[in-house]
Amino acid sequence: MNTSRLIEFSEEDLAELDEVACAAERITPALGAMEVENVRNQARAGAIAERVSRRQTASVRSQEMVYRSVAAELAGVTFTTDRSMQAQITQAVEWVECYPATLAAWEAGRITRGHATAVLRCGTVLPRDGRAEFDAAAAELCVGQTVGRVKDRLDHLAQELHPRTLAERHVEARKERRVGRQSVGDGMSDLIARVPEILAAAIDDRLNEQASTIIDTDPDGRTRDQIRADILCDMLLTGSPLADPTIDGDGNGTLGMIRAKVQVVVPALALLGKDDDPANDTTTADLVGSAPITRPPPGHSPESLHHGSVSWCTRCRGRCCAPTRTGGRRRWRGS
């Protein structure tokens, strides 16, 4: 330790800091009691909604409107949105019904809201009738520990107390594996994959190792995250899967030959680079079925589309197009 850089506090600073620490120690239990009082009040609102909804018709919409109405009542006096309040009420009901020991420890100031939230989230893997034992043990486990340090222990505790083994649950969970895409604007998307944990960890590690090999010599000065994203796209668009049922005795298969196809709508004059009207945005195109993207330069696909791994279509659009051409399709392949 470099003692030359030790922070020096004056006696006056230390005395004031001690007062601040004592105040924090005094305030924390009071704050916890107020937070738990609010949680119990929100749970009462949830109980009212449940009671009223049972008296309604069997319509799902009418029952949903009861919960929304109750949430709106509380949202109006707490300056929050209806949906946010609905989520808070749902969480409060679960705390009150399933985690009384955790609430008691929170109310007494022995743990914080962060601890209680961690207990709630880790306990979701357990059936409702099996959370009492977890609640009692988790509340004691959190006392005197930071939230970050206790999260893994809570997760392991929940796994140990689950009536079904992890292997049994994994068999069912594997059926939910999937890949999805969500547009986030500005021509970007999130690619979301739900896969087995060990495969996700392996993919993450391989991307890290490959990025580490590239980052020191990368001429573009990309960050590690940018390189990881580029490598992932490159491998998915140009690679051949090992699990290819079409592979013959010589190791040739057809899956690796499949090329992705995207359809892009580009203003005709913009495609030719001849639209000088400042009112027309010639820098963007439309990815059909999705969102605006940066328009490709003439003769090239967006981001070069990985050297021919993706083919894309354009639709002529603009006042220069003859009626027979408008809506016509031209197919391009990235070079």
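Any value given below was found using the heavy atoms of this structure, including those in side chains, with hydrogens, waters and symmetry copies removed.
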Q. What distance do Glu160 atom CD and Asp155 atom CG have between them, rounded to the nearest 0.5 Å?
A. 10.0 Å

Q: Using a 4.5 Å cut-off on heavy atoms from C-beta on, say whether the side chain of Phe134 contacts that of Cys122.
A: yes

Q | Path from Val143 to Tyr99 over hydrophobic side-chain contacts below 4.5 Å | A | yes

Q.
Is any side-chain heavy atom of Val150 closer than 4.5 Å to one of Thr146?
A. no

Q: Run the salt-bridge test on Arg222 and Asp230 with the 4.0 Å N-O cut-off and return the result as yes or no.
A: yes

Q | Sidechain N-carboxylate O distance under 4.0 Å for Glu35, Arg40 | A | no

Q. If you count the non-hydrogen atoms of other residues, nucleotides and ligands that lie under 6.0 Å from CD in Gln159, is the total more than 12?
A. yes

Q) Just how far is it from atom OG1 of Thr112 to atom CH2 of Trp106, taken to the nearest 0.5 Å? A) 8.5 Å

Q: Report yes if the side chains of Arg178 and Ile192 come closer than 4.5 Å at any heavy-atom pair, otherwise no.
A: no

Q. Sub-3.5 Å donor-acceptor pair from the side chain of Thr28 to the main-chain atoms of Glu25, do we have one?
A. no

Q: Treating Ile, Leu, Val, Met, Phe, Trp and Tyr as nodes and any side-chain heavy-atom pair under 4.5 angstrom as an edge, say whether Leu191 and Met235 lie in one connected cluster.
A: yes

Q: Determine the minimum heavy-atom distance between Cys142 and Ile111, stating which atoms define it.
A: CB-CG2, 3.7 Å

Q | Heavy-atom pair of closest approach, residues Val125 and Ala158 | A | CG2-CB, 3.9 Å

Q. Distance from Glu73 atom CD to Ile48 atom CD1, nearest 0.5 Å?
A. 10.0 Å

Q. Under 4.5 Å between any side-chain heavy atoms of Ile214 and Ile231, yes or no?
A. yes

(Q) Show, in sequence, the C-alpha distance, side-chain angles and deciding distance for Arg153 and Leu157, and conclude whether the side chain to side chain contact (heavy atoms under 4.5 Å, CB included) test is met. (A) CA-CA 6 Å; Arg153 297 174 66 183; Leu157 176 62; over 6 Å; no

**Q.** Check: Arg110 and Pro29 side chains under 4.5 Å, non-hydrogen atoms
**A.** no

Q. Do other residues, nucleotides or ligands put more than 12 heavy atoms under 6.0 Å from the CG atom of Leu14?
A. yes

Q) Is Gln182 close to Ser189 at the side-chain level, that is, under 4.5 Å between some pair of heavy atoms? A) no

Q) What distance do Leu141 atom CG and His156 atom NE2 have between them, rounded to the nearest 0.5 Å? A) 12.0 Å

(Q) If you count heavy atoms of other groups shown closer than 6.0 angstrom to CD of Gln226, is the number above 12? (A) yes

Q. Just by distance, do the side chain of Ser84 and the backbone of Thr81 share a donor-acceptor pair under 3.5 Å?
A. no

Q.
I need the single residue from Arg174, Lys175, Arg169 that forms a salt bridge (Lys or Arg N to Asp or Glu O under 4.0 Å) with Glu172. Which is it?
A. Lys175

Q) Has Arg113 got more than 12 heavy atoms of other residues, nucleotides or ligands less than 6.0 Å from its CZ? A) yes

Q) Does Val179 belong to the same Ile/Leu/Val/Met/Phe/Trp/Tyr cluster as Leu207, with side-chain heavy atoms less than 4.5 Å apart forming each link? A) yes

Q | Taking every non-hydrogen atom, the tightest pair across Leu154 and Ala138 | A | CD2-CB, 3.5 Å

Q: Return yes when atom CZ of Arg194 has more than 12 non-hydrogen atoms of other residues, nucleotides or ligands closer than 6.0 Å, and no otherwise.
A: no

Q.
Using the side-chain contact (heavy atoms from CB on, under 4.5 Å) definition, which of the options Thr117, Val119, Thr90, Asp135 pairs with Trp95?
A. Thr117

Q: Step by step, work out the side chain to side chain contact (heavy atoms under 4.5 Å, CB included) result for Val66 and Glu50.
A: CA-CA 8 Å; Val66 171; Glu50 177 69 17; over 6 Å; no

**Q.** Nearest-0.5 Å distance that lies between atom CG in Asp204 and atom CG in Leu232
**A.** 10.5 Å

Q: Keeping the roles fixed (side chain from His170, backbone from Thr165), state whether a donor-acceptor pair exists under 3.5 Å.
A: no

**Q.** Test item: Pro100 and Leu103 side chains (from C-beta on) under 4.5 Å apart, heavy atoms
**A.** no

Q. Are more than 12 heavy atoms from other residues, nucleotides or ligands located less than 6.0 Å from atom CZ of Arg83?
A. no

Q) How about Gln91 and Leu120: do any of their side-chain heavy atoms sit closer than 4.5 Å? A) yes

Q | Least distance between heavy atoms, Ala101 atom then Ala136 atom | A | CB-CA, 4.0 Å

Q: Answer yes or no: is there an ion pair linking Arg131 with Glu97, defined by an N-O contact shorter than 4.0 Å?
A: no

Q. Looking at residues at least two apart in the chain, or sitting in another chain, which of them share a side-chain hydrogen bond (donor to acceptor under 3.5 Å, both in side chains) with Asn208?
A. Arg228

Q. Ile227 and Ile203: same hydrophobic cluster, using ILVMFWY side-chain contacts below 4.5 Å?
A. yes

**Q.** Distance in Å, Arg224 CZ paired with Asp218 CG, rounded so as to fall on 0.5 Å steps
**A.** 11.5 Å

(Q) If hydrophobic clusters are built from ILVMFWY residues whose side chains come within less than 4.5 Å, do Val96 and Val93 share one? (A) no

Q) Any idea which heavy atoms bring Leu74 and Ala45 closest together, and the distance? A) CD2-CB, 4.0 Å

Q: Report, as yes or no, whether the 6.0 Å neighbourhood of atom CD on Gln145 holds more than 12 heavy atoms from other residues, nucleotides or ligands.
A: yes

Q. What's the shortest heavy-atom distance between Ile215 and Ser212, and which atoms?
A. CG2-O, 3.7 Å

